[in-house]
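See below for the structure under consideration.
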Number of protein chains: 2
Amino acid sequence: MTHSEENYIKAIFHLGFEGLEVISTNALAERMETKPSSVTDMLKRLSEKGLVHYKKYQGASLTDLGIKTALSIVRKHRLWEVFLVEKLDFNWDEVHEIAEQLEHIKSEKLIDKLDELLNYPKLDPHGDPIPDKNGELMEAHKQLLSQMPINTSGICVGVKDSSAAFLRFLDKNNIALGNKIKIVEKEEFDNSVRVLIDHRQLHLSQQIAANLYIKKINM
Amino acid sequence: MTHSEENYIKAIFHLGFEGLEVISTNALAERMETKPSSVTDMLKRLSEKGLVHYKKYQGASLTDLGIKTALSIVRKHRLWEVFLVEKLDFNWDEVHEIAEQLEHIKSEKLIDKLDELLNYPKLDPHGDPIPDKNGELMEAHKQLLSQMPINTSGICVGVKDSSAAFLRFLDKNNIALGNKIKIVEKEEFDNSVRVLIDHRQLHLSQQIAANLYIKKINM
DNA sequence: ACATATATTTAGATTTGTCTAAATTATTTA
DNA sequence: TAAATAATTTAGACAAATCTAAATATATGT
Ligand SMILES: [Mn+2]
Ligand SMILES: [Mn+2]
Ligand SMILES: [Mn+2]
Ligand SMILES: [Mn+2]
């Protein structure tokens with residue numbers, strides 16, 4: 001498999017996880033930052049290789065083989081992310097790009113040994129679960145701030161909306177990935193939330209809360 | 001730069017180190033396990049990019065930029081080899097193939113951090129020097145076992161042939177880098193040598209002696 | 001149901017990296 | 001030095017991955 005094929009497989013997998021039953025050409029093109037015509041070409045190739053189900057105009061979905069393949073790439077991606085943060089002191093917002101390259105290195109022994117070195121981690125630095133050697137995938141341990149119950153605590157681990165506007169808002173309010181956050185109160189009327197971040201009280205609108213991912217921690 | 005371009009640059013660099021002033025199309029084709037016509041195509045591209053000096057029928061050599069590029073790839077390759085052996089318990093005969101992939105990962109910070117994690121190693125697992133961040137390459141003051149005079153002593157510091165077959169032979173005979181070795185006798189007839197390694201008498205063929213690097217020590 | 005808008009595919013082109021077969025240049029040998 | 005041999009380049013082809021522009025199919029609205 002080429003890097004490109006692997007990237008497409010992974011994108012289809014993730015779009016599937018985000019709720020889509022069947023992936024449309026345009027959705028995949030947008031995700032891959034490429035043109036729909038390129039996607040059509042690739043879907044034909046992947047279909048030939050038995051990695052996706054694809055019928056003209058009907059969209060695509062992964063075959064069992066495709067799912068297995070995707071899980072193995074995701075496993076590599078997330079293990080490398082852990083390595084970069086745990087062993088090389090990278091900040092967790094710097095690791096994705098590099099893992100995007102490292103996930104394509106071909107060596108089963110390498111990834112097994114890496115897993116061992118890292119002590120068989122269950123989660124990557126963003127709170128996403130790491131598939132095990134057999135492709136078993138734990139449920140995600142992160143959820144949107146808007147979905148967390150009152151009096152629970154967690155750590156800011158990601159954003160759903162990564163637009164400049166939203167990120168600037170977070171900067172301006174000193175909300176950074178890694179910050180501990182506690183839900184103090186939820187306003188029924190507008191679904192806004194009062195939270196504690198680093199001993200500061202903040203009042204966040206529903207829009208904000210619905211775009212900030214929190215990794216639960218045990219208090 | 002593509003992986004392929006980087007592999008060509010590295011091959012030209014190594015052929016240069018092995019004595020060739022100017023690299024012929026055929027020599028490069030053999031090293032790259034490809035066809036001479038493919039090499040011609042690539043040399044034109046690399047020349048366009050200012051990485052090699054190339055004139056039709058006159059062979060090729062690296063420009064200053066080409067040398068700088070080669071050193072950076074070699075640095076990455078050898079650092080990853082050290083990582084695989086030191087941190088992931090790979091045997092020295094298993095690391096080359098994987099390093100061949102890892103050397104193409106693009107991230108300056110990654111390689112700096114890796115260097116730090118490994119404690120700024122000077123040599124890779126095969127005794128080859130690792131270029132530093134500025135492209136300084138240590139002089140290898142080593143010579144082939146086959147070139148050492150009788151009754152001199154030294155330490156095994158590297159291999160010329162780093163094929164798995166040769167490395168496994170060394171393992172099987174308990175010859176490791178760092179071992180002290182003394183040349184006891186040379187057989188004129190077949191150029192084989194009798195040596196003492198760790199108080200063991202060994203008889204090594206010319207083929208072996210011509211592929212094992214020894215660093216002389218004062219007795 | 002039909003026109004319009006949207007989504008998707010096809011056709012044809014481009015780049016990279018490779019190949020085979022043929023042509024050309026350089027080198028060696030007699 | 002002329003012929004033979006070896007090395008190298010060119011010509012033309014192919015697969016992968018991409019693009020633009022045009023054609024076609026699907027979905028939507030009135
Ligand atoms: Mn990738
Ligand atoms: Mn991640
Ligand atoms: Mn390589
Ligand atoms: Mn090496």
Side-chain angles (χ1 to χ4, degrees), chain A residues 1-13 15-16 18-62 66 69-70 73 100-101 103-106, chain B residues 1-13 15-16 18-62 66 69-70 73 100-101 103-106:
Chain A
M1 290 203 68
T2 66
H3 289 197
S4 189
E5 286 171 342
E6 291 187 345
N7 287 334
Y8 272 95
I9 290 292
K10 196 160 59 98
I12 297 169
F13 179 81
L15 285 167
E18 287 160 27
L20 301 177
E21 273 292 304
V22 135
I23 311 311
S24 74
T25 301
N26 270 7
L28 193 46
E30 192 180 342
R31 179 62 58 101
M32 295 295 297
E33 295 182 303
T34 186
K35 303 293 169 189
S37 56
S38 304
V39 171
T40 301
D41 289 346
M42 182 57 90
L43 287 179
K44 283 178 186 168
R45 268 200 298 282
L46 293 175
S47 173
E48 294 267 304
K49 296 195 180 191
L51 292 158
V52 305
H53 299 294
Y54 170 65
K55 287 252 168 57
K56 271 198 209 181
Y57 295 102
Q58 302 304 128
S61 62
L62 292 178
T69 305
I73 304 165
E100 201 59 46
Q101 300 178 59
E103 72 191 356
H104 303 291
I105 303 291
K106 266 108 196 144
Chain B
M1 289 203 69
T2 65
H3 290 198
S4 190
E5 287 171 340
E6 291 187 345
N7 286 334
Y8 272 95
I9 290 292
K10 196 160 59 94
I12 295 170
F13 178 81
L15 286 168
E18 288 161 23
L20 301 178
E21 272 295 304
V22 135
I23 311 312
S24 75
T25 302
N26 271 7
L28 193 47
E30 192 180 343
R31 180 61 60 101
M32 295 296 297
E33 295 181 304
T34 185
K35 302 294 168 188
S37 56
S38 304
V39 170
T40 300
D41 289 346
M42 182 57 89
L43 286 178
K44 283 179 187 166
R45 268 200 295 283
L46 294 175
S47 173
E48 294 267 304
K49 296 194 179 189
L51 292 158
V52 304
H53 299 294
Y54 170 65
K55 289 251 167 59
K56 271 199 207 180
Y57 295 101
Q58 304 301 126
S61 62
L62 293 178
T69 306
I73 304 165
E100 201 57 48
Q101 299 177 60
E103 71 191 355
H104 304 291
I105 303 292
K106 265 110 196 144

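Each chain gets a letter, A, B and so on, in the order the sequences are listed, and its residues count up from 1.
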Are [X] and [N] close enough that a side-chain N or O sits under 4.0 Å from OP1 or OP2?
X: Thr2(B); N: dG17(C); value: yes
X: Arg45(A); N: dA17(D); value: yes
X: Tyr8(B); N: dT18(C); value: yes

Could you state the [atom1]-[atom2] distance from [X] to [N], rounded to the nearest angstrom?
X: Lys44(A); N: dT10(C); atom1: NZ; atom2: C1'; result: 7 Å
X: Ile9(B); N: dG17(C); atom1: CD1; atom2: P; result: 12 Å
X: His3(B); N: dT18(C); atom1: NE2; atom2: P; result: 13 Å
X: Asp41(B); N: dT18(C); atom1: CG; atom2: C1'; result: 8 Å
X: Tyr54(B); N: dT10(D); atom1: OH; atom2: C1'; result: 11 Å
X: Glu6(B); N: dG17(C); atom1: CD; atom2: C1'; result: 15 Å
X: Met42(A); N: dT18(D); atom1: CE; atom2: C1'; result: 10 Å
X: Ile23(A); N: dA7(C); atom1: CD1; atom2: C1'; result: 15 Å

Roughly how far apart are [X] [atom1] and [Y] [atom2], rounded to 0.5 Å?
X: Ile105(A); Y: Glu100(B); atom1: CD1; atom2: CD; value: 11.0 Å
X: Ile23(A); Y: Leu15(A); atom1: CD1; atom2: CG; value: 5.0 Å
X: Asn7(B); Y: Arg31(B); atom1: CG; atom2: CZ; value: 12.5 Å

For DNA chain D, which residues of residues 26-36 of chain B approach it to below 4.0 angstrom with any heavy atom?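 Within this stretch, Asn26(B), Pro36(B) sit under 4.0 Å of the strand.
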Counting side-chain heavy atoms from CB outward, which of dG17(C), dC19(C), dC19(D) is closest to Ser38(B)?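 Nearest nucleotide to the side chain: dC19(C).
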Shortest side-chain distance from Ser37(A), nucleotide among dA17(D), dT9(C), dT9(D):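 Output: dT9(C).
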Who are the side chain to side chain donor-acceptor pair (under 3.5 Å) partners of Gln101(A), not counting sequence neighbours?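 Listed in chain order: nothing, the list is empty.
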Nearest non-hydrogen partners of Leu28(B) and Ala11(B), listed with the distance: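 So the minimum-distance heavy-atom pair works out to CD1-CB, 3.8 Å.
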For the CD atom on Glu18(A), are there more than 12 heavy atoms of other groups (residues, nucleotides or ligands in this structure) within a distance under 6.0 Å?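 Above 12, so yes.
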List for me each residue that meets side chain to side chain contact (heavy atoms under 4.5 Å, CB included) alongside Glu30(A), sequence neighbours excluded, and say none if there are none.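 Glu30(A) satisfies side chain to side chain contact (heavy atoms under 4.5 Å, CB included) with no residue once adjacent residues are dropped.
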Non-neighbouring partners of Glu6(B) that pass side chain to side chain contact (heavy atoms under 4.5 Å, CB included), sequence neighbours left out: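 Partners of Glu6(B) by the side chain to side chain contact (heavy atoms under 4.5 Å, CB included) criterion, ordered by chain and then number, come out as Met1(B), Ile73(B), His104(B), Lys106(B).
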Residues 37-60 of chain B, side-chain donor-acceptor partners within the protein, below 3.5 Å, at least two apart:
from, atom 1, to, atom 2, distance (Å)
Thr40(B), OG1, Pro36(B), O, 3.2
Lys49(B), NZ, Glu5(B), OE1, 3.3
Lys49(B), NZ, Glu5(B), OE2, 2.9

Restricting to nitrogen or oxygen on both sides, can you table the protein-nucleotides 23-28 of chain D pairs closer than 3.5 Å?
from, atom 1, to, atom 2, distance (Å)
dA25(D), O4', Tyr57(A), OH, 3.2

Base, sugar-phosphate alone, or nothing: which one does Thr40(A) contact when heavy atoms must sit under 4.0 Å apart?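 Base contact.
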